> 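Take a look at this one; I'll ask things after.
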Amino acid sequence: MKKLAAALIGAVSLAAVAHAQDVVIQAGHVLAVPGEGYLTNQTILVEDGRIVSITPGFSKPENYPVIDLKKAYVLPGLIDSHVHITGETSPSERIEAFEDSQVDVAFKGAAFALTTLKAGFTTVQDVGGPNDSVFGLRDAIARGAVPGPRIRASGQAVSITGGHGDINGYSAEVMAALTGSSICNGADDCRRAVRQQIKEGADLIKITATGGVLSNTSAGLEQQFSDDELAAIVEAAHAMGRQVTAHAHGKGGVDAALRAGVDSIEHGTYLDEESISLFKEKGATLVPTVLAGATVTGWTNQPWLPAPSRAKAAIVGPLMLDMLRRAHEGGVNIAFGTDTGVSRHGDNAKEFALMVEAGFTPEEAIRAATVVAAEHVEMAKDIGTLEKGKFADLIAVTKDPMKNIKELESVDFVMKGGEVFKSAE
(Lines give C-alpha, C1' and ligand atoms only; values in the text may rest on other atoms or scores of the structure.)
Protein backbone atom coordinates (compact mmCIF):
# COMPACT_ATOMS: atom_id res chain seq x y z
CA MET A 1 0.00 0.00 0.00
CA LYS A 2 2.81 2.46 0.88
CA LYS A 3 4.57 1.84 -2.44
CA LEU A 4 1.29 2.38 -4.32
CA ALA A 5 0.53 5.59 -2.45
CA ALA A 6 4.04 6.90 -3.14
CA ALA A 7 3.66 6.13 -6.83
CA LEU A 8 0.38 8.03 -7.00
CA ILE A 9 1.84 10.99 -5.11
CA GLY A 10 4.69 11.04 -7.61
CA ALA A 11 2.13 11.43 -10.41
CA VAL A 12 1.21 14.92 -9.25
CA SER A 13 3.71 16.49 -11.64
CA LEU A 14 2.00 14.68 -14.52
CA ALA A 15 -1.58 15.53 -13.55
CA ALA A 16 -3.11 19.01 -13.75
CA VAL A 17 -4.59 19.31 -10.29
CA ALA A 18 -6.71 22.44 -9.83
CA HIS A 19 -6.53 24.60 -6.72
CA ALA A 20 -9.47 25.72 -4.63
CA GLN A 21 -10.02 29.44 -4.52
CA ASP A 22 -12.37 31.87 -2.89
CA VAL A 23 -14.74 32.81 -5.67
CA VAL A 24 -18.17 34.18 -6.54
CA ILE A 25 -20.43 32.28 -8.95
CA GLN A 26 -23.20 34.24 -10.63
CA ALA A 27 -25.78 31.64 -11.68
CA GLY A 28 -28.92 32.14 -13.76
CA HIS A 29 -30.74 29.00 -12.61
CA VAL A 30 -29.75 27.02 -9.52
CA LEU A 31 -31.22 23.65 -8.57
CA ALA A 32 -29.92 24.03 -5.03
CA VAL A 33 -32.08 21.24 -3.60
CA PRO A 34 -33.28 18.86 -6.34
CA GLY A 35 -36.97 18.28 -5.78
CA GLU A 36 -37.62 21.90 -4.85
CA GLY A 37 -37.24 23.54 -8.28
CA TYR A 38 -34.92 26.27 -9.53
CA LEU A 39 -33.81 29.45 -7.85
CA THR A 40 -33.16 32.18 -10.40
CA ASN A 41 -30.42 34.81 -10.59
CA GLN A 42 -28.36 33.75 -7.59
CA THR A 43 -24.89 34.53 -6.27
CA ILE A 44 -22.97 31.63 -4.73
CA LEU A 45 -20.06 32.61 -2.49
CA VAL A 46 -17.35 29.96 -2.10
CA GLU A 47 -14.55 30.06 0.46
CA ASP A 48 -12.08 27.32 1.39
CA GLY A 49 -13.86 24.86 -0.87
CA ARG A 50 -17.27 25.24 0.76
CA ILE A 51 -20.40 27.26 0.10
CA VAL A 52 -20.66 30.29 2.35
CA SER A 53 -23.94 31.64 1.01
CA ILE A 54 -26.44 31.58 -1.85
CA THR A 55 -28.22 34.91 -2.19
CA PRO A 56 -30.70 36.41 -4.68
CA GLY A 57 -29.37 38.74 -7.34
CA PHE A 58 -25.96 39.07 -8.93
CA SER A 59 -23.48 40.55 -6.46
CA LYS A 60 -19.68 40.76 -6.44
CA PRO A 61 -17.91 41.07 -3.10
CA GLU A 62 -14.72 43.09 -3.43
CA ASN A 63 -11.56 41.21 -4.40
CA TYR A 64 -13.39 37.97 -5.32
CA PRO A 65 -13.00 36.60 -8.85
CA VAL A 66 -16.31 35.94 -10.59
CA ILE A 67 -17.39 32.85 -12.52
CA ASP A 68 -20.13 33.87 -14.92
CA LEU A 69 -22.83 31.20 -15.18
CA LYS A 70 -25.68 33.67 -15.67
CA LYS A 71 -26.96 31.80 -18.73
CA ALA A 72 -26.43 28.34 -17.27
CA TYR A 73 -28.33 25.77 -15.23
CA VAL A 74 -26.36 24.96 -12.09
CA LEU A 75 -26.85 21.71 -10.15
CA PRO A 76 -25.11 19.92 -7.29
CA GLY A 77 -22.26 17.65 -8.32
CA LEU A 78 -23.61 14.26 -9.36
CA ILE A 79 -23.08 11.06 -7.35
CA ASP A 80 -22.78 7.58 -8.86
CA SER A 81 -23.42 4.96 -6.17
CA HIS A 82 -22.06 1.99 -8.14
CA VAL A 83 -18.84 2.16 -10.14
CA HIS A 84 -15.71 0.09 -10.67
CA ILE A 85 -13.23 2.94 -11.10
CA THR A 86 -10.10 0.83 -11.61
CA GLY A 87 -11.24 -1.16 -14.65
CA GLU A 88 -13.38 -1.33 -17.74
CA THR A 89 -14.79 -4.47 -19.36
CA SER A 90 -13.08 -5.14 -22.69
CA PRO A 91 -11.83 -8.00 -24.87
CA SER A 92 -8.42 -7.75 -23.13
CA GLU A 93 -9.74 -7.72 -19.56
CA ARG A 94 -9.11 -11.38 -18.76
CA ILE A 95 -5.47 -11.34 -19.87
CA GLU A 96 -4.85 -8.05 -18.05
CA ALA A 97 -5.52 -9.87 -14.78
CA PHE A 98 -2.11 -11.49 -15.32
CA GLU A 99 -0.25 -8.58 -16.89
CA ASP A 100 -1.17 -5.67 -14.61
CA SER A 101 0.28 -4.98 -11.18
CA GLN A 102 -1.73 -3.24 -8.46
CA VAL A 103 0.12 -0.02 -9.38
CA ASP A 104 -0.85 -0.45 -13.05
CA VAL A 105 -4.48 -0.88 -11.99
CA ALA A 106 -4.34 2.21 -9.78
CA PHE A 107 -2.95 4.37 -12.58
CA LYS A 108 -5.64 3.15 -14.95
CA GLY A 109 -8.12 4.04 -12.23
CA ALA A 110 -6.64 7.52 -11.93
CA ALA A 111 -7.32 8.13 -15.62
CA PHE A 112 -10.86 6.78 -15.30
CA ALA A 113 -11.38 8.95 -12.20
CA LEU A 114 -10.50 12.14 -14.05
CA THR A 115 -12.81 11.17 -16.92
CA THR A 116 -15.59 10.57 -14.39
CA LEU A 117 -15.03 13.90 -12.67
CA LYS A 118 -15.09 15.81 -15.95
CA ALA A 119 -18.39 14.07 -16.75
CA GLY A 120 -19.90 15.86 -13.73
CA PHE A 121 -19.66 13.11 -11.10
CA THR A 122 -17.91 14.65 -8.12
CA THR A 123 -18.47 11.65 -5.82
CA VAL A 124 -18.62 7.92 -6.55
CA GLN A 125 -19.02 4.73 -4.57
CA ASP A 126 -16.74 1.98 -5.81
CA VAL A 127 -18.18 -1.44 -5.02
CA GLY A 128 -15.63 -3.93 -6.26
CA GLY A 129 -11.94 -3.44 -7.01
CA PRO A 130 -8.52 -4.64 -5.86
CA ASN A 131 -7.95 -3.43 -2.31
CA ASP A 132 -4.53 -1.82 -2.69
CA SER A 133 -5.40 -0.14 -6.00
CA VAL A 134 -8.77 1.32 -5.15
CA PHE A 135 -7.95 2.28 -1.55
CA GLY A 136 -4.67 3.86 -2.68
CA LEU A 137 -6.45 5.83 -5.39
CA ARG A 138 -9.19 6.91 -2.97
CA ASP A 139 -6.63 8.22 -0.52
CA ALA A 140 -4.50 9.94 -3.16
CA ILE A 141 -7.56 11.83 -4.44
CA ALA A 142 -8.53 12.78 -0.88
CA ARG A 143 -5.05 14.26 -0.35
CA GLY A 144 -5.26 16.20 -3.62
CA ALA A 145 -2.35 14.27 -5.13
CA VAL A 146 -4.38 13.33 -8.22
CA PRO A 147 -7.67 14.72 -9.57
CA GLY A 148 -10.85 12.69 -9.30
CA PRO A 149 -14.20 12.38 -7.59
CA ARG A 150 -14.47 11.61 -3.91
CA ILE A 151 -14.40 7.83 -3.62
CA ARG A 152 -16.14 5.69 -1.03
CA ALA A 153 -14.86 2.17 -1.60
CA SER A 154 -15.64 -1.37 -0.57
CA GLY A 155 -12.56 -2.97 -2.10
CA GLN A 156 -12.94 -6.63 -2.98
CA ALA A 157 -16.41 -8.10 -2.73
CA VAL A 158 -17.07 -10.69 -0.03
CA SER A 159 -18.11 -13.80 -1.95
CA ILE A 160 -18.41 -17.57 -1.68
CA THR A 161 -15.98 -20.04 -3.22
CA GLY A 162 -16.91 -20.43 -6.87
CA GLY A 163 -19.54 -17.71 -6.76
CA HIS A 164 -19.87 -14.37 -8.44
CA GLY A 165 -16.95 -12.32 -7.17
CA ASP A 166 -14.57 -15.26 -6.95
CA ILE A 167 -12.03 -16.11 -9.66
CA ASN A 168 -13.72 -18.35 -12.22
CA GLY A 169 -12.94 -19.85 -15.61
CA TYR A 170 -9.15 -20.28 -15.34
CA SER A 171 -7.07 -23.35 -14.51
CA ALA A 172 -7.20 -24.58 -10.92
CA GLU A 173 -3.60 -23.45 -10.32
CA VAL A 174 -4.31 -19.93 -11.57
CA MET A 175 -7.54 -19.64 -9.59
CA ALA A 176 -5.76 -20.75 -6.41
CA ALA A 177 -3.10 -18.08 -6.93
CA LEU A 178 -5.63 -15.30 -7.56
CA THR A 179 -8.18 -16.12 -4.85
CA GLY A 180 -8.26 -13.33 -2.29
CA SER A 181 -8.98 -13.18 1.43
CA SER A 182 -12.53 -11.92 0.85
CA ILE A 183 -13.70 -15.36 -0.32
CA CYS A 184 -15.43 -17.17 2.53
CA ASN A 185 -17.51 -20.22 3.42
CA GLY A 186 -19.61 -20.62 6.55
CA ALA A 187 -20.81 -17.98 8.97
CA ASP A 188 -17.60 -17.73 11.00
CA ASP A 189 -15.39 -17.51 7.93
CA CYS A 190 -17.66 -14.79 6.49
CA ARG A 191 -17.27 -12.79 9.70
CA ARG A 192 -13.52 -13.10 9.24
CA ALA A 193 -13.71 -11.89 5.64
CA VAL A 194 -15.74 -8.83 6.62
CA ARG A 195 -13.33 -7.93 9.41
CA GLN A 196 -10.35 -8.41 7.10
CA GLN A 197 -11.84 -6.07 4.50
CA ILE A 198 -12.42 -3.43 7.17
CA LYS A 199 -8.86 -3.90 8.43
CA GLU A 200 -7.54 -3.31 4.91
CA GLY A 201 -9.51 -0.08 4.50
CA ALA A 202 -13.08 -0.78 3.35
CA ASP A 203 -15.55 2.06 3.83
CA LEU A 204 -18.44 -0.37 3.34
CA ILE A 205 -18.87 -4.07 2.67
CA LYS A 206 -19.96 -5.32 -0.76
CA ILE A 207 -21.25 -8.88 -0.99
CA THR A 208 -22.39 -10.99 -3.92
CA ALA A 209 -25.63 -12.43 -2.60
CA THR A 210 -26.51 -14.09 -5.93
CA GLY A 211 -24.86 -15.17 -9.13
CA GLY A 212 -23.93 -12.47 -11.62
CA VAL A 213 -23.73 -11.87 -15.34
CA LEU A 214 -20.02 -11.32 -15.95
CA SER A 215 -18.62 -14.14 -13.79
CA ASN A 216 -17.34 -16.91 -16.05
CA THR A 217 -19.43 -19.67 -14.53
CA SER A 218 -22.79 -21.30 -15.17
CA ALA A 219 -23.86 -21.00 -11.53
CA GLY A 220 -27.18 -19.25 -12.10
CA LEU A 221 -28.48 -15.93 -10.84
CA GLU A 222 -30.01 -16.99 -7.54
CA GLN A 223 -28.99 -16.95 -3.89
CA GLN A 224 -25.42 -18.05 -3.20
CA PHE A 225 -24.75 -17.17 0.44
CA SER A 226 -26.76 -19.14 2.99
CA ASP A 227 -29.10 -17.27 5.32
CA ASP A 228 -26.69 -17.89 8.21
CA GLU A 229 -23.79 -16.47 6.23
CA LEU A 230 -25.79 -13.38 5.28
CA ALA A 231 -26.77 -12.76 8.89
CA ALA A 232 -23.15 -13.14 10.04
CA ILE A 233 -21.89 -10.69 7.41
CA VAL A 234 -24.41 -8.01 8.34
CA GLU A 235 -23.79 -8.52 12.06
CA ALA A 236 -20.02 -8.25 11.68
CA ALA A 237 -20.15 -5.22 9.38
CA HIS A 238 -22.68 -3.26 11.41
CA ALA A 239 -20.77 -4.00 14.63
CA MET A 240 -17.78 -2.23 13.07
CA GLY A 241 -19.79 0.69 11.70
CA ARG A 242 -19.94 -0.38 8.06
CA GLN A 243 -22.94 -0.59 5.77
CA VAL A 244 -23.50 -3.70 3.65
CA THR A 245 -24.58 -3.57 0.04
CA ALA A 246 -25.55 -6.73 -1.82
CA HIS A 247 -25.17 -7.53 -5.49
CA ALA A 248 -28.39 -9.47 -6.11
CA HIS A 249 -30.34 -10.46 -9.21
CA GLY A 250 -32.60 -13.41 -8.31
CA LYS A 251 -35.63 -12.74 -6.13
CA GLY A 252 -34.63 -15.34 -3.56
CA GLY A 253 -31.26 -13.70 -3.06
CA VAL A 254 -32.73 -10.19 -3.03
CA ASP A 255 -35.26 -11.13 -0.36
CA ALA A 256 -32.79 -13.13 1.73
CA ALA A 257 -30.31 -10.26 1.76
CA LEU A 258 -33.03 -7.79 2.76
CA ARG A 259 -34.26 -10.07 5.55
CA ALA A 260 -30.68 -10.35 6.81
CA GLY A 261 -30.56 -6.56 7.13
CA VAL A 262 -28.37 -5.36 4.26
CA ASP A 263 -28.54 -1.62 3.73
CA SER A 264 -28.92 -1.72 -0.04
CA ILE A 265 -29.31 -3.93 -3.08
CA GLU A 266 -27.34 -3.50 -6.30
CA HIS A 267 -29.26 -4.46 -9.49
CA GLY A 268 -32.39 -6.20 -8.06
CA THR A 269 -33.40 -7.64 -11.43
CA TYR A 270 -36.08 -10.11 -10.30
CA LEU A 271 -37.55 -8.14 -7.40
CA ASP A 272 -41.33 -8.43 -7.02
CA GLU A 273 -44.08 -7.05 -4.79
CA GLU A 274 -42.84 -9.04 -1.82
CA SER A 275 -39.35 -7.67 -2.39
CA ILE A 276 -40.71 -4.13 -2.62
CA SER A 277 -42.48 -4.59 0.71
CA LEU A 278 -39.22 -5.81 2.24
CA PHE A 279 -37.32 -2.80 0.89
CA LYS A 280 -39.77 -0.47 2.59
CA GLU A 281 -40.03 -2.51 5.79
CA LYS A 282 -36.24 -2.62 6.20
CA GLY A 283 -35.57 0.93 5.00
CA ALA A 284 -33.18 -0.39 2.32
CA THR A 285 -32.11 1.38 -0.87
CA LEU A 286 -32.06 0.06 -4.44
CA VAL A 287 -29.18 0.97 -6.78
CA PRO A 288 -30.62 -0.14 -10.13
CA THR A 289 -27.68 0.01 -12.64
CA VAL A 290 -29.96 -0.14 -15.68
CA LEU A 291 -27.15 1.19 -17.87
CA ALA A 292 -25.23 -2.02 -17.18
CA GLY A 293 -28.24 -4.04 -18.32
CA ALA A 294 -28.47 -2.04 -21.54
CA THR A 295 -24.73 -2.45 -22.08
CA VAL A 296 -24.54 -6.23 -21.64
CA THR A 297 -27.62 -6.70 -23.83
CA GLY A 298 -25.44 -5.51 -26.70
CA TRP A 299 -22.73 -8.06 -25.94
CA THR A 300 -24.68 -11.28 -26.36
CA ASN A 301 -22.99 -12.05 -29.69
CA GLN A 302 -19.50 -10.92 -28.75
CA PRO A 303 -17.03 -13.85 -28.96
CA TRP A 304 -14.63 -12.24 -26.45
CA LEU A 305 -17.25 -12.56 -23.70
CA PRO A 306 -17.21 -16.06 -22.13
CA ALA A 307 -20.17 -18.24 -23.12
CA PRO A 308 -21.72 -18.37 -19.62
CA SER A 309 -21.69 -14.57 -19.45
CA ARG A 310 -23.24 -14.21 -22.90
CA ALA A 311 -26.07 -16.52 -21.87
CA LYS A 312 -26.75 -14.62 -18.64
CA ALA A 313 -26.49 -11.23 -20.38
CA ALA A 314 -29.21 -12.29 -22.82
CA ILE A 315 -31.48 -13.10 -19.86
CA VAL A 316 -30.76 -10.28 -17.44
CA GLY A 317 -30.08 -7.26 -19.61
CA PRO A 318 -33.55 -6.85 -21.12
CA LEU A 319 -35.27 -7.20 -17.72
CA MET A 320 -33.68 -4.35 -15.83
CA LEU A 321 -35.66 -1.41 -17.18
CA ASP A 322 -38.95 -2.99 -16.17
CA MET A 323 -37.46 -3.84 -12.77
CA LEU A 324 -36.75 -0.15 -12.20
CA ARG A 325 -40.26 0.78 -13.32
CA ARG A 326 -41.77 -1.64 -10.77
CA ALA A 327 -39.52 -0.44 -7.97
CA HIS A 328 -40.24 3.22 -8.69
CA GLU A 329 -43.99 2.67 -8.85
CA GLY A 330 -43.77 0.67 -5.62
CA GLY A 331 -42.14 3.51 -3.72
CA VAL A 332 -38.70 1.96 -3.16
CA ASN A 333 -35.93 4.38 -2.15
CA ILE A 334 -33.70 4.52 -5.24
CA ALA A 335 -30.18 5.93 -5.46
CA PHE A 336 -28.53 6.60 -8.81
CA GLY A 337 -25.95 3.99 -9.78
CA THR A 338 -24.66 2.70 -13.08
CA ASP A 339 -22.15 -0.16 -12.65
CA THR A 340 -19.77 1.92 -14.75
CA GLY A 341 -16.74 -0.15 -15.59
CA VAL A 342 -19.20 -2.46 -17.30
CA SER A 343 -20.22 0.55 -19.39
CA ARG A 344 -17.55 3.11 -20.28
CA HIS A 345 -16.27 5.58 -17.73
CA GLY A 346 -17.58 9.05 -18.48
CA ASP A 347 -20.87 7.72 -19.85
CA ASN A 348 -22.42 7.52 -16.36
CA ALA A 349 -25.08 10.13 -17.13
CA LYS A 350 -26.69 7.86 -19.74
CA GLU A 351 -28.45 6.21 -16.79
CA PHE A 352 -30.65 9.31 -16.46
CA ALA A 353 -32.49 8.78 -19.74
CA LEU A 354 -33.14 5.16 -18.79
CA MET A 355 -34.58 6.29 -15.46
CA VAL A 356 -36.90 8.70 -17.23
CA GLU A 357 -37.92 5.91 -19.61
CA ALA A 358 -38.77 3.85 -16.52
CA GLY A 359 -41.16 6.54 -15.26
CA PHE A 360 -39.04 9.02 -13.29
CA THR A 361 -39.50 12.72 -13.90
CA PRO A 362 -36.20 14.42 -14.77
CA GLU A 363 -36.13 16.08 -11.35
CA GLU A 364 -36.73 12.75 -9.60
CA ALA A 365 -33.82 11.24 -11.52
CA ILE A 366 -31.56 14.16 -10.61
CA ARG A 367 -32.65 13.88 -6.98
CA ALA A 368 -31.67 10.20 -7.02
CA ALA A 369 -28.16 11.24 -8.11
CA THR A 370 -27.83 14.01 -5.54
CA VAL A 371 -30.01 14.10 -2.42
CA VAL A 372 -30.79 10.37 -2.24
CA ALA A 373 -27.32 9.23 -3.28
CA ALA A 374 -25.67 11.55 -0.75
CA GLU A 375 -27.71 9.97 2.02
CA HIS A 376 -26.99 6.50 0.65
CA VAL A 377 -23.19 7.00 0.69
CA GLU A 378 -23.42 8.62 4.14
CA MET A 379 -22.13 12.02 3.02
CA ALA A 380 -25.32 14.09 3.12
CA LYS A 381 -23.86 16.61 5.58
CA ASP A 382 -21.26 17.57 2.96
CA ILE A 383 -22.68 16.90 -0.52
CA GLY A 384 -25.90 16.33 -2.47
CA THR A 385 -27.31 19.87 -2.34
CA LEU A 386 -26.00 23.39 -2.77
CA GLU A 387 -26.37 24.83 0.72
CA LYS A 388 -24.34 26.83 3.21
CA GLY A 389 -21.53 24.80 4.74
CA LYS A 390 -21.47 22.04 2.14
CA PHE A 391 -18.65 21.39 -0.30
CA ALA A 392 -18.75 23.56 -3.40
CA ASP A 393 -19.44 20.58 -5.67
CA LEU A 394 -21.46 21.81 -8.63
CA ILE A 395 -21.94 21.37 -12.33
CA ALA A 396 -23.50 23.50 -15.04
CA VAL A 397 -25.10 22.94 -18.43
CA THR A 398 -26.29 25.49 -20.98
CA LYS A 399 -29.80 24.06 -21.43
CA ASP A 400 -32.44 22.96 -18.95
CA PRO A 401 -32.00 19.28 -17.99
CA MET A 402 -35.53 19.27 -16.56
CA LYS A 403 -36.77 19.62 -20.14
CA ASN A 404 -34.21 17.24 -21.66
CA ILE A 405 -32.40 14.99 -19.19
CA LYS A 406 -29.82 14.11 -21.84
CA GLU A 407 -28.27 17.56 -21.31
CA LEU A 408 -26.47 15.95 -18.38
CA GLU A 409 -24.60 13.63 -20.75
CA SER A 410 -22.38 16.56 -21.73
CA VAL A 411 -21.78 18.99 -18.87
CA ASP A 412 -20.07 22.31 -19.53
CA PHE A 413 -18.69 23.15 -16.10
CA VAL A 414 -17.47 21.08 -13.15
CA MET A 415 -16.36 22.32 -9.74
CA LYS A 416 -15.41 20.00 -6.89
CA GLY A 417 -14.60 21.44 -3.49
CA GLY A 418 -14.12 24.89 -4.99
CA GLU A 419 -11.70 23.63 -7.67
CA VAL A 420 -12.69 24.05 -11.31
CA PHE A 421 -11.97 20.90 -13.30
CA LYS A 422 -13.92 21.74 -16.44
CA SER A 423 -14.98 25.05 -17.90
CA ALA A 424 -16.46 26.17 -21.19
CA GLU A 425 -14.34 29.29 -21.08
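Owing to the predicted nature of the structure, the values given are computational and were not obtained by experimental measurement.
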> Using a 4.5 Å cut-off on heavy atoms from C-beta on, say whether the side chain of F225 contacts that of T210.
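T210 does not reach F225 side chain to side chain.
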> Look up atom CG in L78 and atom CG in N348, then write down how far apart they are to the nearest 0.5 Å.
9.0 Å
> Using the ring of each side chain (for Trp, its six-membered ring), is H345 parallel, tilted or perpendicular to F112, with breaks at 30° and 60°?
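Because their plane-to-plane angle is under 30°, the rings of H345 and F112 count as parallel.
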> With rounding to the nearest 0.5 Å, note down the distance linking OG1 in T289 to CE in M323.
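With rounding to 0.5 Å, OG1 (T289) is 6.0 Å from CE (M323).
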> So, Q224 side chain and G163 main chain: donor-acceptor pair closer than 3.5 Å or not?
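Answer holds: no.
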> Ring centroid separation for F336 and F121, is it under 6.0 angstrom?
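Under 6.0 Å, so yes.
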> Would you say the side-chain atoms of E363 pair up with the backbone N or O of G37, donor to acceptor, closer than 3.5 Å?
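Such a contact is found between E363 side chain and G37 backbone.
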> Could you check whether atom NZ of K282 has more than 12 heavy atoms from other residues, nucleotides or ligands sitting under 6.0 Å from it?
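Atom NZ in K282 is crowded, with more than 12 foreign heavy atoms closer than 6.0 Å.
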> Under 4.0 Å between a Lys/Arg side-chain N and an Asp/Glu carboxylate O for E273 and R326?
no
> Side chains of I395 and L408: closer than 4.5 Å at any heavy-atom pair?
yes
> Using side-chain heavy atoms (C-beta onward) and a distance below 4.5 Å, is F107 in contact with T86?
no
> Does D347 reach the main-chain N or O of K350 with its side chain, forming a donor-acceptor pair under 3.5 Å?
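No, D347 side chain to K350 backbone: no donor-acceptor pair under 3.5 Å.
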> Ring centroids only, cut at 6.0 angstrom: are Y73 and Y38 within range, meaning strictly under it?
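When the ring centroids of Y73 and Y38 are compared, they turn out to be within the sub-6.0 Å range.
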> Of all heavy-atom pairs between A392 and V46, which one has the smallest distance, and what is that distance?
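Smallest heavy-atom distance, with atoms named: CB-CG1, 3.7 Å.
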> In the structure I gave you, are the side-chain heavy atoms of T122 and I383 within less than 4.5 Å of one another anywhere?
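Side-chain contact under 4.5 Å: no.
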> What pairs with D100 under side chain to side chain contact (heavy atoms under 4.5 Å, CB included), at least two apart in sequence or on another chain?
E96, D104, V105, K108
> Could you tell me the separation between the NZ atom of K118 and the CZ atom of F413, rounded to the nearest 0.5 Å?
13.5 Å
> Sequence neighbours left out, what passes side chain to side chain contact (heavy atoms under 4.5 Å, CB included) with A142? Give chain and number order.
none
> How many angstroms lie between atom OG of S423 and atom CG of D412, to the nearest 0.5 angstrom?
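These two atoms lie 9.0 Å from each other.
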> Check whether any side-chain N or O of T295 sits under 3.5 Å from a backbone N or O of L291 as a donor-acceptor pair, and report yes or no.
yes
> Taking R242 for its side chain and I205 for its backbone only, find out whether a donor-acceptor pair lies under 3.5 Å.
no
> Determine, using ring centers only, whether Y270 and H249 are less than 6.0 Å apart.
no
> Can you name the residues that form a salt bridge (charged side-chain N to carboxylate O under 4.0 Å, His left out) with E409, not counting sequence neighbours?
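Salt bridge (charged side-chain N to carboxylate O under 4.0 Å, His left out) list for E409, sorted by chain: empty.
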> Any donor-acceptor pair under 3.5 Å linking the side-chain atoms of S264 with those of T245?
yes
> In chain order, what residues pass the side chain to side chain contact (heavy atoms under 4.5 Å, CB included) check against E36, with sequence neighbours excluded?
V33
> So, does K416 use its side chain to make a donor-acceptor pair with the main chain of G148 at under 3.5 Å?
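At least one qualifying donor-acceptor pair exists.
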> Considering only residues two or more places apart or on different chains, which pairs with a residue in residues 380-393 satisfy salt bridge (charged side-chain N to carboxylate O under 4.0 Å, His left out)?
R50-D382, R150-D393, E387-K390
> For Q102 and S133, which I'm curious about, is there any donor-acceptor pair between the side chains at under 3.5 Å?
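Note: Q102 and S133 side chains meet the donor-acceptor criterion.
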> Should we count CD of E99 as having more than 12 external heavy atoms under 6.0 Å?
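More than 12 within 6.0 Å, yes.
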> Can a side-chain donor-acceptor contact be found between Q125 and S81 if the only test is distance below 3.5 angstrom?
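Result is no, nothing qualifies.
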> Evaluate side chain to side chain contact (heavy atoms under 4.5 Å, CB included) for T340 paired with D80, printing each intermediate quantity in order.
CA-CA 9 Å; T340 292; D80 192 332; 3.9 Å; yes
> Do you see a donor-acceptor pair shorter than 3.5 Å between the side chains of H247 and E266?
no
> Under a 3.5 Å distance rule, please check whether R195 uses its side chain to pair with a backbone N or O of A236 as donor and acceptor.
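No; zero donor-acceptor contacts below 3.5 Å.
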> How long is the gap from CG on L31 to OG1 on T385, to the nearest 0.5 Å?
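Result: 10.5 Å between the selected atoms.
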> Can a side-chain donor-acceptor contact be found between Q243 and H376 if the only test is distance below 3.5 angstrom?
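There is no such pair between these side chains.
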> With R138, which of D126, D132, D203 fulfils salt bridge (Lys or Arg N to Asp or Glu O under 4.0 Å)?
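Testing R138 for a salt bridge (Lys or Arg N to Asp or Glu O under 4.0 Å) against D126, D132, D203 leaves exactly one candidate, D203.
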> Between the main-chain N or O of L354 and the side-chain N or O of E357, is there a donor-acceptor pair closer than 3.5 Å?
no
> Could you tell me whether a side-chain N or O of Q156 sits under 3.5 Å from a main-chain N or O of G129, the two making a donor and an acceptor?
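It does not hold such a pair.
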> Please report the interatomic distance CE(M320) to CG(L324), rounded to the nearest 0.5 Å.
9.0 Å
> Going by heavy atoms in the side chains, are V158 and K206 under 4.5 Å from each other?
no
> Run the numbers on R143 and D139 for salt bridge (charged side-chain N to carboxylate O under 4.0 Å, His left out), then give the verdict.
CA-CA 6 Å; R143 288 192 301 273; D139 296 346; 5.2 Å; no
> Check for a donor-acceptor pair, side chain of S182 on one end and backbone N or O of A157 on the other, with a separation under 3.5 Å.
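Looks like yes, one N/O pair under 3.5 Å.
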> Within the 3.5 Å criterion, strictly below it, is a donor on H164 or T208 matched to an acceptor on the partner's side chain?
no
> Residues two or more places apart in sequence or in another chain: which of them pass side chain to side chain contact (heavy atoms under 4.5 Å, CB included) with R192?
S181, C184, D189, Q196
> Check whether any side-chain heavy atom of V296 lies under 4.5 Å from a side-chain heavy atom of V316, and answer yes or no.
no
> Under a 3.5 Å cutoff, is there a donor and acceptor pairing between the side chains of D400 and H29?
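Result is no, nothing qualifies.
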> Flag the pair L204 / V244 as yes when at least one side-chain heavy-atom distance between them is below 4.5 Å, and no otherwise.
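They are not in contact (no side-chain heavy atoms under 4.5 Å apart), so the answer is no.
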> In the structure I gave you, are the side-chain heavy atoms of E281 and F279 within less than 4.5 Å of one another anywhere?
no
